[in-house]
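Following: one structure in structure tokens, then a few remarks.
All heavy atoms count here, side chains included; hydrogens, waters and symmetry mates do not. Convention: sequence-line order gives letters A, B, ...; per-chain numbering from 1.
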There are 4 protein chains.
Amino acid sequence: MISAPDEQATGKGSARATAQRKRILCAARKCFVDRGFHAASMATIAQTAEMSPGLIYRYFRSKNEIILAIIDEQLEVARARIGELSDAGELAALIAASFDSTSRGDEERLSAPLFLEMSAEATRDPQIASALRSFDATIRGELARALARSREEGGYGVPNARAMGRALMFMCIFEGLKVREAREPHLDRKLLESALNDVLVNLFRPQ
Amino acid sequence: MISAPDEQATGKGSARATAQRKRILCAARKCFVDRGFHAASMATIAQTAEMSPGLIYRYFRSKNEIILAIIDEQLEVARARIGELSDAGELAALIAASFDSTSRGDEERLSAPLFLEMSAEATRDPQIASALRSFDATIRGELARALARSREEGGYGVPNARAMGRALMFMCIFEGLKVREAREPHLDRKLLESALNDVLVNLFRPQ
Amino acid sequence: MISAPDEQATGKGSARATAQRKRILCAARKCFVDRGFHAASMATIAQTAEMSPGLIYRYFRSKNEIILAIIDEQLEVARARIGELSDAGELAALIAASFDSTSRGDEERLSAPLFLEMSAEATRDPQIASALRSFDATIRGELARALARSREEGGYGVPNARAMGRALMFMCIFEGLKVREAREPHLDRKLLESALNDVLVNLFRPQ
Amino acid sequence: MISAPDEQATGKGSARATAQRKRILCAARKCFVDRGFHAASMATIAQTAEMSPGLIYRYFRSKNEIILAIIDEQLEVARARIGELSDAGELAALIAASFDSTSRGDEERLSAPLFLEMSAEATRDPQIASALRSFDATIRGELARALARSREEGGYGVPNARAMGRALMFMCIFEGLKVREAREPHLDRKLLESALNDVLVNLFRPQ
DNA sequence: CATGAATGAGGATTCATTCAT
DNA sequence: GATGAATGAATCCTCATTCAT
């Protein structure tokens, strides 16, 4: 978690407050996707959220706090998604599906533009960097464990020595595909799926 | 190429002008890496280049033109690097080496932060988007051809049907690694190399 | 009308907003009179209006929009004034009076410096040029009709063939006097009045 | 004369220097007509004059000095032109002809845009204001004398009491027409000529 | 709670002018 | 004499943030 809840100063914890925060974050997400963290102005976010700019500051201390909250949210979504993937067997098909923007609502997918925005921002902001590192650690550990688990236990039986490396490669492919999604959203699905199978079959084949 | 040379209006073509442009681009690259395209101010770039802000405009029409020039430069570097990789046999080792920021000077490597910055920007700027697409087309075509070439001709003998898909996967891994480099520059090299070998051996093994 | 009201984007239509716009226009008018459209800076206008520079942009999209609004205002004032003149009989006396800067407040007179500024600007800006042309057409048409009307109907009974020409001459004299006012604001009123009578008596005498 | 010759510091008096000054003034005139005093940059003027910006400063101390020189030149041209007019008998036809931009070269006509630019500038710059006043005094005196001269001496025999007033009106019409020329350069010549005759016949008819 | 007007620092860009060559 | 690179102040405009109502 990047942004401390700090209900004292902002959230109030009431249902109302939660709803307002969600409203703002939803608007912010849209604006950030459309224009990037920097180019999206608080005024635009307010307008999108159909509230006054001043009101936003009742729920978030600054624009940066909103950015951090959005990053948290996106990482959470990604965590959930990759958790699902690693549990299921059909990894290639599922990853390919995660590429498809029509398969889920905006709030349930790691947005490709936001992923790039976040990653770029992490280069400069240590707080964001650390959030991403923690995300990484969680996911890679989880993946490595899944890979290392024996076939009898529903795992892939990959030797421990290789599991960490393959988890790393999985992340690279997952994130490389996010980059690609941002750049080439209409990439041929057939090509993608067969390519993924071609590679992942090796990465994840029970050994 | 995004930015036409257009010596008419800016560069003057003189040795001096070329040196100044290089100076500016070098300063801009530093600033963009440190702060991002948007947060880097012309004043900062000028200061880094040790010249007055006004002077920059003798060599570039706008900040955006500088951004485009930097993107051109980075894509050119990436093209050259991937060209080398695809010619050589030791793909995994080379890719891993390309991760190593100490192996080459700043100007001879695709900067990871800039790569993210560029990719994010391409989401909104059609000119950048098109430059990236053209980069993609070139590289993927080249890779696919190298993969499809018969072993006798120094290729990998991958069936045509699979070559395109593997080229795509190669790009995902390459770019996924750039993302990782930005996030985790001190990633364990041993782990990385062995993981790459593990995957690429399958992707590029002569068949 | 040059500048559409466009309350959507700027004015808000509230009483407050109207007052602020007026405040800004009033300050801008002063600054433009003192220094010209180009030399008057937004900072100066803001200072004159006793507000921050940024606030101006809540009410006007750009400096140019302010210029256009001022031009609109000035043309409107001129139209009203010439309307009065053409209705009354004592044209010479009235024109001379319109020269007198003490007879009316700043907002009810076509400012001589602004008239020059506007006219000069119209040379380059097609929007302003067209506003001036429309002003011309209105006024000259109105004058020509007044001149052509029969004496029984309160007109001057000037033959149609001559009415257009005399309306043109009237405009030349009116505008020539604006030039003079800018240059020689303390011109001898007696001289002016008798000179105007001498000429206009011929232009407008009922025939 | 606004701008003191001051050969010491600038002109050098040599034929070369004179030619260079003329070159610069000619370029400046073009630029000022096209873009106005303020918007015309020294760089553009230099380019138009086909010389380097720095060189201009060998012949003029500042941009303002160029503006003043141009104003001098324009007033000189106007003086000459009105001198001709007042000597000839066919005043109306001649004034109308002076409207016609094709009748003379650019350097021999008072440019309408420059006239507006000058007049506007005179509002703020006392030096320019005084130059215009001196111009006025000369011209109006000359005109008044011509009008007052007896018919036997080639004059118009206008009583002294009226001569000053008519000279004033003549100036208004002349300058009013300059304003019109800037605004409506393609004004119907027939209309203009007949209108001028209609008025001037009264102003200048020998009495 | 909510508004939206207000602030003012900061950003990109231009341009008259200078000066080393 | 001549060049044109270099300067840096000044300009327009934007936007995160605050606060009176």
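- Summarising the geometry, the separation between CE on C:M51 and C1' on F:dC19 is reported as 17 Å, rounded to the nearest angstrom.
- One distance of note links CE of D:M51 with CD1 of D:I45; it measures 11.0 Å at 0.5 Å rounding.
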Fill in the blank from the handout: Each nucleotide of nucleotides 8-14 of chain F classed B (base within 4.0 Å of a protein heavy atom), S (only sugar-phosphate) or -, in 5' to 3' order, makes B---SBB
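- Atom CD1 in D:I67 sits 8.5 Å away from atom CD in D:E117 (nearest 0.5 Å).
- C:F115 is linked by a ring pair (Phe, Tyr, Trp, His ring centres under 6.0 Å) to nothing, counting only residues two or more places apart in sequence or in another chain.
- The phosphate of F:dA5 has neither OP1 nor OP2 within less than 4.0 Å of any side-chain N or O from B:Y59.
- The line from CG of A:N64 to CD of A:E121 is 7.5 Å long, rounded to the nearest 0.5 Å.
- Atom pair A:I45:CD1 and E:dG4:C1' shows a separation of 17 Å (rounding to whole Å applied).
- Residues satisfying the side chain to side chain contact (heavy atoms under 4.5 Å, CB included) test with D:S52, not counting sequence neighbours, are D:L55.
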Practice task
Please step through side chain to side chain contact (heavy atoms under 4.5 Å, CB included) for the pair B:C26 and B:R23, ending with a clear verdict.
Solution key: CA-CA 5 Å; B:C26 195; B:R23 209 175 154 72; 5.9 Å; no
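- Rounded to whole Å, atom C1' of F:dA5 lies 12 Å from atom CD1 of B:I24.
- Using N1 to N3 plus N6-O4 or O6-N4 for Watson-Crick, or N1-O2 and O6-N3 for G-U wobble, each under 3.5 Å, E:dG8 pairs with F:dC15.
- The aromatic rings of D:F37 and D:F32 sit perpendicular, their planes meeting at an angle over 60°, well past the 30° parallel limit.
- If you measure from atom CD1 of B:I66 to atom C1' of E:dT13, you get 12 Å, rounded to the nearest angstrom.
- In this structure, D:I56 atom CD1 and E:dC19 atom C1' are separated by 16 Å, rounded to whole Å.
- To the nearest angstrom, P of F:dG1 lies 8 Å from CD of D:Q20.
- F:dA20: Watson-Crick or G-U partner is E:dT3, with both key distances under 3.5 Å.
- Between D:R58 atom CZ and E:dT18 atom P there is a gap of 13 Å when expressed in whole angstrom units.
- The distance from atom CD1 of D:I67 to atom P of E:dC15 is 14 Å, rounded to the nearest whole Å.
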